[in-house]
Visitor: 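Before anything else, here's the structure in question.
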Amino acid sequence: MSQQFDQVSVVKQANIYFDGKVTSRTVLFADGTRKTLGIMLPGEYEFGTGQAELMEILAGELTVQLPGSEEWIAISGTGEFTVPGDSKFKLKITQTTDYVCSYL
């Protein structure tokens with residue numbers, strides 16, 4: 001994965017969730033795709049998706065429960081997971097986590 005995104009636009013207003021414990025900024029690409037770059041503070045969260053998402057964890061520690069699964073998947077440091085569209089997933093963040101969300 002590249003360390004930077006070139007020739008993009010950034011939406012100035014932050015996306016703020018869970019009383020500021022999860023924040024992100026939207027990055028828009030010339031081809032119409034978008035990603036968000038964010039930070040999640042320790043806590044437990046449930047998110048809903050409109051479309052499929054690829055979550056790339058750049059740093060941090062968490063467990064994720066994907067839709068339709070009882071299993072919790074641990075990620076420490078770096079990792080990734082994909083979430084189907086129109087679904088919900090749960091996160092338990094144990095260390096501040098830096099992430100990139102790509103909308104598929």
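Heavy atoms only: backbone and side chains are in, while hydrogens, waters and symmetry mates are out. Numbers for residues simply follow the sequence, beginning at 1.
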Visitor: Do the side chains of Val8 and Leu37 join up, straight or via other hydrophobic residues, at under 4.5 Å, putting them in one cluster?
Guide: yes
Visitor: Quick check: do Leu91 and Thr63 have side-chain heavy atoms less than 4.5 Å from each other?
Guide: no
Visitor: Would a line drawn from the ring center of Phe89 to the ring center of Tyr45 be shorter than 6.0 Å?
Guide: no
Visitor: If the condition is ring-ring contact (aromatic ring centres under 6.0 Å, His included), which residues does Tyr17 pass it with, not counting sequence neighbours?
Guide: none
Visitor: For atom CD of Glu46, is the number of surrounding heavy atoms from other residues, nucleotides or ligands below 6.0 Å larger than 12?
Guide: yes
Visitor: When you group the ILVMFWY residues by side-chain heavy-atom contacts below 4.5 Å and let the links chain together, are Ile73 and Val83 in the same group?
Guide: yes
Visitor: Using links of under 4.5 Å between side-chain heavy atoms of ILVMFWY residues, direct or through other members, which residues join Tyr103 in one cluster?
Guide: none
Visitor: Thr49 side chain to Ser87 main-chain N or O, any donor-acceptor pair under 3.5 Å?
Guide: yes
Visitor: Classify the side-chain pair Asn15/Thr26 by whether it contains a donor and acceptor separated by less than 3.5 Å.
Guide: yes
Visitor: With a 4.5 Å limit on heavy-atom distance, are the side chains of Val100 and Phe5 in contact?
Guide: yes
Visitor: Can you tell me how far apart CD (Gln65) and CD (Glu70) are? Round to the nearest 0.5 Å.
Guide: 6.0 Å
Visitor: Is there side-chain contact between Thr23 and Leu41, with at least one heavy-atom pair below 4.5 Å?
Guide: no
Visitor: Roughly how far apart are Leu66 CG and Lys90 NZ, rounded to 0.5 Å?
Guide: 12.0 Å
Visitor: Do you know which two heavy atoms are closest between Gln95 and Thr97, and how far apart they sit?
Guide: O-OG1, 2.8 Å
Visitor: Are any side-chain N or O atoms of Glu44 and backbone N or O atoms of Lys92, one a donor and one an acceptor, separated by less than 3.5 Å?
Guide: no
Visitor: Determine the sole option in Arg34, Glu80, Glu56 for which the side-chain contact (heavy atoms from CB on, under 4.5 Å) test with Ser102 is passed.
Guide: Glu56
Visitor: Measure across Glu61 and Ser76 and return the closest heavy-atom pair with its distance rounded to 0.1 Å.
Guide: OE1-OG, 3.3 Å
Visitor: Going by side-chain contact (heavy atoms from CB on, under 4.5 Å), Ile39 matches just one of Ile93, Leu58, Thr96. Which one?
Guide: Thr96
Visitor: In Å, rounded to the nearest 0.5 Å, how long is the span from CG of Leu54 to CZ of Phe81?
Guide: 9.0 Å
Visitor: Would you check if Met40 and Phe18 make a side-chain contact, meaning some heavy-atom pair closer than 4.5 Å?
Guide: no
Visitor: With sequence neighbours left out, which residue pairs that include part of residues 49-69 fulfil the ring pair (Phe, Tyr, Trp, His ring centres under 6.0 Å) condition?
Guide: none
Visitor: Are any of the side-chain heavy atoms of Phe29 and Gln7 separated by less than 4.5 Å?
Guide: no
Visitor: State the SG-CE distance between Cys101 and Met55, to the nearest 0.5 angstrom.
Guide: 5.5 Å
Visitor: Can you find a pair of side-chain heavy atoms, one from Phe47 and one from Glu53, that are under 4.5 Å apart?
Guide: no
